[in-house]
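So the structure is just underneath, and the comments pick up after that.
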Amino acid sequence: MHGPAALQLTSEGRLKHLLTTEGLSKALITELLNTAESFLSSQGQPVKKAPLLRGKTVVNLFFENSTRTRTTFDIAAHRLSADVVTLDIRTSSASKGETLFDTLKNLEAMQADLFVVRHSAGGAPFFIANRVTPNIAVINAGDGTHAHPTQALLDLMTIRKHKGDPANLSVAIVGDVKHSRVARSLIHGLRGMKCPDIRAIGPGTLLPGDLDHLGVRAFHRIDHGLAGVDVIVLLRLQKERMTSALLPSEREFFNLYGMTEDRLKYSRPGAIVMHPGPINRGVEISNEVADGPQAVILDQVTNGIAVRMAVMAMTISTQQDLVS
Ligand code: NCD
């Protein structure tokens with residue numbers, strides 16, 4: 001392996017950073033998911049406290065807004081007994097003109113062991129991982145429209161829990177795939193897990209041009225795209241990332257692609273409905289589906305804590321073995 005994907009692995013293939021799901025093997029993803037499951041109690045809730053990161057400092061660097069991701073990283077680090085510093089970048093030196101590199105060097109000097117980075121620029125976590133002191137782990141919590149690997153892992157964990165091995169499943173991703181780092185990372189993760197049938201459903205303006213290359217089939221009609229699928233992943237329309245009007249209106253989108261109980265019937269009985277959040281009711285999803293028995297959207301949030309605990313535990317343990 002070469003390029004950015006190689007930056008996150010040691011020469012033995014262990015995870016030292018998590019920057020992308022692209023190129024991750026089925027064995028490594030399975031190890032991550034198994035570790036995440038080991039952090040769930042018999043009631044399916046993440047364990048309240050484990051001492052794995054006692055004495056370690058986790059720094060959350062959120063250059064872009066977030067609710068779910070930031071909070072669940074925070075909870076995950078606390079559950080592993082780490083000290084957690086969350087930097088509100090709007091009030092930090094970045095807004096006084098300090099470069100990312102200088103901010104980073106100052107944080108390193110405060111003895112950080114792990115950086116969680118969310119940035120509006122694609123590639124920022126790679127930039128950081130390339131430049132940090134060797135024993136510091138970097139986790140990408142979402143960079144531009146590029147990648148969101150912990151979201152993909154929590155999606156895979158949720159899929160595996162409800163529907164079994166993705167190698168036997170059909171998965172459809174609906175809506176604004178083009179601007180979605182969630183979709184991109186999930187597609188790479190599903191490919192890593194050998195999922196044989198990955199579909200993207202949406203108008204041509206919201207589907208990326210490289211779907212063929214990613215091994216994904218494009219559908220413009222939702223009835224065709226949903227036929228026989230086991231998993232439906234809905235996405236928010238990322239209006240903040242659209243450079244021009246790609247849609248007539250939100251109502252039009254709901255009329256053509258919004259997930260309603262009637263449309264759900266095109267999929268396989270018992271199919272699950274997922275969404276990374278934040279959901280927009282009446283745009284990509286109806287109230288009945290969002291609150292219905294097939295939605296696993298809140299389970300995704302819970303699994304997100306366990307997955308983030310697993311990623312932190314595994315990357316820090318690799319980094320520790322590298323220095324010792
Ligand atoms: C997503 C994100 O920020 O990429 N949300 C999330 O992480 N929970 C998707 C979105 O903003 O629509």
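Counting starts at 1 for both ligands and their atoms, in listed order. Because only heavy atoms are used, hydrogens play no part in the values below, and waters and symmetry mates are left out as well, while side chains stay in.
- Ionic pairing of Arg184 and Glu22 is not present here: no N-O contact between side-chain nitrogen and carboxylate oxygen is shorter than 4.0 angstrom.
- Using a cutoff of 4.0 Å between basic side-chain nitrogens and carboxylate oxygens, Asp176 and Lys178 are not scored as salt-bridged.
- By the criterion of a heavy-atom distance under 4.0 Å, neither the backbone nor the side chain of Arg70 is placed next to ligand 1.
- Atoms of ligand 1 lying under 4.0 Å from at least one heavy atom of Gly277, given by number and element, are 1 (C), 5 (N), 6 (C), 8 (N), 9 (C), 10 (C), 12 (O).
- Annotation: atom 8 (N) of ligand 1 to nearest protein heavy atom, Pro276 O, 3.0 Å.
- For the pair Arg217 and Phe219, the cation-pi test (distance below 6.0 Å, angle within 45°) is failed.
- Which parts of ligand 1 touch His148 is read off a 4.0 Å heavy-atom cut-off, strictly below it: atoms 2 (C), 4 (O), 6 (C), 7 (O).
- A cation-pi arrangement is present between Arg308 and Phe73 under the rule of less than 6.0 angstrom and at most 45 degrees off the ring axis.
- Ion pair Asp230/Lys163 not flagged as a salt bridge, since none of the NZ, NE, NH1 or NH2 atoms sits closer than 4.0 Å to an Asp/Glu carboxylate oxygen.
- With His275, Arg181, His179, Gln238 as candidates, the residue nearest to atom 3 (O) of ligand 1 on a non-hydrogen basis is Arg181.
- For ligand 1 and Thr69, the ligand atoms under 4.0 Å from any heavy atom of the residue are 6 (C), 7 (O), 8 (N).
- Looking at Gln300 and Asp155, their side chains do bring a donor and an acceptor atom within 3.5 Å of each other.
- Under a 4.0 Å criterion applied to the non-hydrogen atoms of Arg236, ligand 1 contributes the atoms 10 (C), 11 (O), 12 (O).
- Residue Glu64 places every heavy atom at 4.0 Å or more from ligand 1.
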